[in-house]
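Whatever order the structure lists them in is the order used to number ligands and atoms, beginning at 1. No experiment lies behind these values; they were computed from the predicted model shown. Residues: numbered from 1 along the sequence shown.
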Amino acid sequence: MTDCIFCRIASGEIPCRKVYEDEEILAFHDINPVAPVHFMLVPKLHLASLAEAEETHAALLGKMLLLAPRLAGEQGLANGFRTVINTGRGGGQEVFHLHIHVIGGGNIPPMVRRN
Ligand code: 5GP
Ligand code: ZN
């Protein structure tokens, strides 16, 4: 998937501010942060979105979720953080390579606004 920006980041072709890396997962700071701490966990495997995930990906997804609090703590988010997974155009997804946003360190507004 050479046309996928997160695959190109995962392969090292495009630089990033790395938070964590192992053989299956990369975490890096968002280029356009919405809070003082804003990084993403991505699988190195190209998976377009959560909607494409299957039973065979269960361990990988579990590993990513369990990593989120550990990395959040390492990034100074001792009081908590928000995780976001945008899925599909209807979910506001812009980069079609599955990623978990980890956001915190500032004033985190209610996730759903009721006007
Ligand atoms: P989505 O809307 O798909 O959930 O989020 C995609 C995120 O990727 C956005 O927050 C955007 O700022 C971030 N992003 C897009 N391109 C790049 C890039 O080249 N490098 C980094 N570090 N983040 C990116
Ligand atoms: Zn990809």
Side-chain angles (χ1 to χ4, degrees):
M1 289 296 289
T2 48
D3 58 343
C4 170
I5 189 136
F6 286 179
C7 280
R8 293 170 74 186
I9 289 173
S11 73
E13 185 190 335
I14 294 176
C16 68
R17 284 178 56 221
K18 194 182 297 181
V19 168
Y20 171 87
E21 182 170 19
D22 66 27
E23 61 287 345
E24 292 182 302
I25 296 164
L26 179 69
F28 55 95
H29 292 281
D30 197 293
I31 205 166
N32 190 14
V34 299
V37 177
H38 182 178
F39 65 88
M40 293 173 285
L41 292 105
V42 310
K44 290 187 174 178
L45 173 79
H46 180 84
L47 248 185
S49 83
L50 196 58
E52 279 71 33
E54 298 182 355
E55 194 64 37
T56 52
H57 303 118
L60 175 63
L61 294 172
K63 188 174 168 184
M64 290 172 68
L65 277 179
L66 291 172
L67 254 177
R70 186 186 125 193
L71 300 183
E74 289 174 10
Q75 294 299 312
L77 301 178
N79 290 329
F81 57 90
R82 173 169 292 165
T83 45
V84 174
I85 306 175
N86 296 322
T87 303
R89 301 221 178 271
Q93 186 176 3
E94 291 179 350
V95 174
F96 283 82
H97 178 130
L98 174 67
H99 50 282
I100 302 176
H101 294 265
V102 177
I103 297 160
N107 180 33
I108 300 294
M111 192 178 70
V112 178
R113 292 190 183 281
R114 295 173 182 83
N115 294 312

Asks: How far is atom 1 (P) of ligand 1 from its nearest protein heavy atom, and which residue and atom is that?
Replies: His99 NE2, 3.1 Å

Asks: Which protein non-hydrogen atom lies closest to atom 22 (N) of ligand 1, naming both residue and atom, and how far is it?
Replies: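 Its nearest protein heavy-atom neighbour is His29 O, 2.9 Å.
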
Asks: With a 3.5 Å distance limit and no angle check, can you tell me whether Gln75 reaches the backbone of Gly105 through a side-chain donor-acceptor pair?
Replies: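 Absent.
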
Asks: Pull out every atom of ligand 1 sitting under 4.0 Å from any heavy atom of Asn32, numbered as shown with elements.
Replies: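 Answer for ligand 1: 12 (O).
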
Asks: For Lys63, is the NZ atom crowded, meaning more than 12 foreign heavy atoms sit under 6.0 Å from it?
Replies: yes

Asks: Ring centres of Phe39 and Phe81 under 6.0 Å apart?
Replies: no

Asks: Measure centre to centre between the rings of His99 and His101, then say whether the value is under 6.0 Å.
Replies: yes

Asks: Measure the distance from atom 24 (C) of ligand 1 to every protein heavy atom, then report the residue, atom name and distance (to 0.1 Å) of the closest one.
Replies: Ile31 CG2, 3.5 Å

Asks: Is His38 close to ligand 1, meaning an N/O of one under 3.5 Å from an N/O of the other?
Replies: no

Asks: When you measure from atom 15 (C) of ligand 1 to every protein heavy atom, which one gives the shortest distance, and what is it?
Replies: Val95 CG2, 4.0 Å

Asks: When you compare ligand 1 with Gly92, is there at least one nitrogen or oxygen pair between them that comes in under 3.5 angstrom?
Replies: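 Yes; the residue has a nitrogen or oxygen that sits under 3.5 Å from a nitrogen or oxygen of the ligand.
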
Asks: Side chain to side chain contact (heavy atoms under 4.5 Å, CB included) between Leu26 and Lys18: does it pass, once the steps are laid out?
Replies: CA-CA 8 Å; Leu26 179 69; Lys18 194 182 297 181; 3.8 Å; yes

Asks: Which of these passes side chain to side chain contact (heavy atoms under 4.5 Å, CB included) with Ile25: Leu71, Val42, Leu60?
Replies: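 Filter result, single survivor: Leu60.
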
Asks: Who's the nearest protein heavy-atom neighbour of atom 10 (O) of ligand 1, and how far?
Replies: Asp30 OD2, 2.5 Å

Asks: Check the surroundings of atom CG in Asn79: do more than 12 heavy atoms from other residues, nucleotides or ligands lie under 6.0 Å from it?
Replies: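 No.
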
Asks: Which ligand 1 atoms are under 4.0 Å away from a heavy-atom of Met40?
Replies: 7 (C), 8 (O), 13 (C), 23 (N)

Asks: Nearest 10°: the angle subtended at the Zn ion (ligand 2) by His46 ND1 and His97 ND1?
Replies: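 Between ND1 of His46 and ND1 of His97, the angle at the Zn ion (ligand 2) is about 110°.
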
Asks: How long is the straight-line distance from CG of Leu61 back to CG of Leu41, given to the nearest 0.5 Å?
Replies: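 Rounded to the nearest 0.5 Å, the CG-CG separation comes to 11.5 Å.
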
Asks: Do Phe28 and ligand 1 have an N or O pair less than 3.5 Å apart?
Replies: no

Asks: Number the atoms of ligand 1 from 1 as they appear, then name those within less than 4.0 Å of a heavy atom of His101, with their elements.
Replies: 1 (P), 4 (O), 5 (O), 7 (C), 10 (O)

Asks: Side chain to side chain contact (heavy atoms under 4.5 Å, CB included) for Tyr20 and Glu74? Distances and angles first, verdict last.
Replies: CA-CA 10 Å; Tyr20 171 87; Glu74 289 174 10; 5.7 Å; no

Asks: Using a strict cut-off of 4.0 Å, indicate which atoms of ligand 1 neighbour a heavy atom of Asn86.
Replies: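 Atoms satisfying the 4.0 Å criterion: 1 (P), 2 (O), 4 (O).
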
Asks: Output, in order, the C-alpha distance, side-chain angles, deciding distance and verdict of side chain to side chain contact (heavy atoms under 4.5 Å, CB included) for Ile85 and Leu98.
Replies: CA-CA 8 Å; Ile85 306 175; Leu98 174 67; 3.9 Å; yes

Asks: For atom 19 (O) of ligand 1, what is the closest protein heavy atom, and at what distance to 0.1 Å?
Replies: Ile5 CD1, 3.5 Å

Asks: Would one find an N or O of Phe6, backbone or side chain, under 3.5 Å from an N or O of ligand 1?
Replies: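 No.
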
Asks: Taking 4.0 Å as the limit for heavy-atom contacts, which would you say applies to Ile9 with ligand 1: side chain only, backbone only, both, or neither?
Replies: side chain

Asks: Any N or O of Gln93 that comes nearer than 3.5 Å to an N or O of ligand 1?
Replies: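 No: no nitrogen or oxygen of Gln93 is under 3.5 Å from one in ligand 1.
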
Asks: Kindly say whether Asp22 contributes a backbone atom to a donor-acceptor pair with the side chain of Lys44 at under 3.5 angstrom?
Replies: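 Checking the backbone N and O of Asp22 against the side chain of Lys44, a donor-acceptor pair under 3.5 Å is found.
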
